[in-house]
Number of protein chains: 2
Amino acid sequence: MDTRRTHGTGPDLASMARLLADGTRAGFCLALLDGRAWTATELARHVGVAPSTATEHLHALVGGNLLAEERQGRHRYVRLAGPHVAELIESLAAMAPQRAPAPRTLSAAGRRQALAHARTCYDHLAGAVGVAITDAMIERGLVDLEHGLRLTAEGTTWLGDLGITVPTGTRRPSVRSCLDWTERRPHLAGAVGAALCRHAFDTDWITRIGTTRAVAVTPTGRQALRHHLGLPDDILAPK
Amino acid sequence: MDTRRTHGTGPDLASMARLLADGTRAGFCLALLDGRAWTATELARHVGVAPSTATEHLHALVGGNLLAEERQGRHRYVRLAGPHVAELIESLAAMAPQRAPAPRTLSAAGRRQALAHARTCYDHLAGAVGVAITDAMIERGLVDLEHGLRLTAEGTTWLGDLGITVPTGTRRPSVRSCLDWTERRPHLAGAVGAALCRHAFDTDWITRIGTTRAVAVTPTGRQALRHHLGLPDDILAPK
DNA sequence: CGGTCGCTTCGGCGGCGGCCGAAGTGTCGT
DNA sequence: ACGACACTTCGGCCGCCGCCGAAGCGACCG
């Protein structure tokens, strides 16, 4: 190997970046941003490569500790190795140029619109709805961004009223700002963002649209979000 | 271009990652992490490529908005395009494997040791000293990490006593955690981290060692850090 | 006003790496 | 036990991209 040029010391930045520098591997990671585990062939079909090609890419990604794998019978499930990977991909995506939209078909345009409206971003909510929730929480003093985003005392009790206890003492920051790549505005992530999203699924405020990252706000959810955060219905309606 | 495979929508993650996926470009970025502006030939010499090669790489990095350039006479100065780029590179470096240390020469080993001890990381302090300062600030209640890292009221007045006013209302988080790649532990970054580092240079607590990222704590600095943060001398001594 | 220096452009070379298809291994159903 | 299926390995092809040296351009210096 050419060790002459890669002089001396420091982290091997390039080898890590190279893992994301391929369209196919990047497509895998973007898909896995939904926080769920995918099988190898699902990913292969999703980006349109042969299964053998997918295997090689997954080897690289798992070997680089970007993905975690779990074998079940004849299936190989992979998911992002952790929140830190999701955050890395998000910050990379936030400063990447948007790709040519080119939604040729009607269904593709609709799919894109559904994603822009409300979707999961790893383990929390994003899209217009995610941003609106965050804005409302700031406006009501549940979080503030005076010195970086943080949860206020009011926010803690507000979450408690919903039955969400704030995890404390963990290494993961309880609240973190995540830059949305459709809205280009920050929204609530971190442990609290994840807990809130989980709660929204559990209490049927939102449901997944098919098997995609897109979610829909249910009538129950509309009422709850109006009641708890004063969100107007027109933001929550899917069109 | 092959637009068949790069289906549809979303950010072009791969094109952004590709900018950092080359050893030479990564070397440029790691060098620029010192926060200063370098000329094209300085960078070329630093990583050991021909000037013409450096030109091409710089074109790519500037075009991708990772670097900002400034022309002065026959010189082309480049620097990181902003804190967000530094943060991206840091988070990438934090999860990248350490490269084979292989410090063949004595001077290389010494250089590495100096970097591990105290250095600038874009615009704030890192290394053992940077981590120690952060730890002491946490211990003294100047910052807390209850719900993410944040500055306390005591911290604000402490900074005020040093003559540092906390920038407020800016988009940049005033305090942020940055993961050190030698210590593998978080240390103080963000606007406050930058202001503190600047203050340390201005009041001669620290000085640069030659033209590298490494810094040395002066006798003045040792006394000040003992007085203000209770840091013991043995942490601050360079060996 | 010539010489030097920093940077740029261009052509050509070489290697790395992503792609596939064919063949092999293990697991699950029937 | 047998086929179907998910995944893996291997060989070979091809295109991209990073590298350099030669030559050109503009800025600075005597």
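Each chain gets a letter, A, B and so on, in the order its sequence line appears, and its residues count up from 1.
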> With B:Arg185, which residues qualify under salt bridge (Lys or Arg N to Asp or Glu O under 4.0 Å), at least two apart?
Replying inline: B:Asp135

> B:Ala37: what forms a side chain to side chain contact (heavy atoms under 4.5 Å, CB included) with it, not counting sequence neighbours?
Replying inline: B:Tyr77, B:Arg79

>> Taking side chain to side chain donor-acceptor pair (under 3.5 Å) as the cut-off, I'd like each qualifying pair that reaches into residues 64-74 of chain A, sequence neighbours left out, listed once.
In response: A:Glu69-A:Arg71, A:Glu69-A:Arg76

> Under the ring pair (Phe, Tyr, Trp, His ring centres under 6.0 Å) test, which residues partner B:His199, sequence neighbours left out?
Replying inline: B:Trp205

> Within the pair B:Arg18 and D:dC16, is there a side-chain N or O less than 4.0 Å away from OP1 or OP2?
Replying inline: no

> Once you round it to whole Å, what is the distance between C1' of D:dC7 and CZ of A:Arg45?
Replying inline: 16 Å

>> Near DNA chain D, counting only heavy atoms under 4.0 Å, which residues of residues 34-43 of chain A show up?
In response: A:Thr39, A:Ala40, A:Thr41

> the helix from C:dC1-D:dG30 to C:dT30-D:dA1: angle between its terminal axes, five pairs each, to 10°?
Replying inline: 30°

>> So A:Tyr122 and A:Val85, do their side chains get closer than 4.5 Å, heavy atoms only?
In response: no

> How would you list, by chain and number, every residue that makes a side chain to side chain contact (heavy atoms under 4.5 Å, CB included) with B:Ala189, sequence neighbours excluded?
Replying inline: B:His124, B:Arg176, B:Cys178

> Applying salt bridge (charged side-chain N to carboxylate O under 4.0 Å, His left out), which residue pairs with at least one partner in residues 120-134 of chain B are found, sequence neighbours left out?
Replying inline: B:Asp123-B:Arg172

>> Can you list, in residue-number order, the parts of residues 52-74 of chain B that come under 4.0 Å of DNA chain D, counting heavy atoms only?
In response: B:Ser52, B:Thr53, B:Glu56, B:His57, B:Gly73, B:Arg74

>> I need the NE2-C1' distance between B:His75 and C:dC7, as an integer number of Å.
In response: 10 Å

> Roughly how many Å is it from CZ in B:Arg76 to C1' in D:dC28, rounded to a whole number?
Replying inline: 19 Å

> Which pairs count as salt bridge (charged side-chain N to carboxylate O under 4.0 Å, His left out) when at least one residue sits in residues 39-58 of chain B, sequence neighbours excluded?
Replying inline: none

>> Does anything in residues 13-37 of chain A form a salt bridge (charged side-chain N to carboxylate O under 4.0 Å, His left out)? List the pairs, not counting sequence neighbours.
In response: A:Asp34-A:Arg36

>> Going by the rule side-chain hydrogen bond (donor to acceptor under 3.5 Å, both in side chains), which residues pair with B:Arg198 if we only count those two or more places apart in sequence or in a different chain?
In response: none

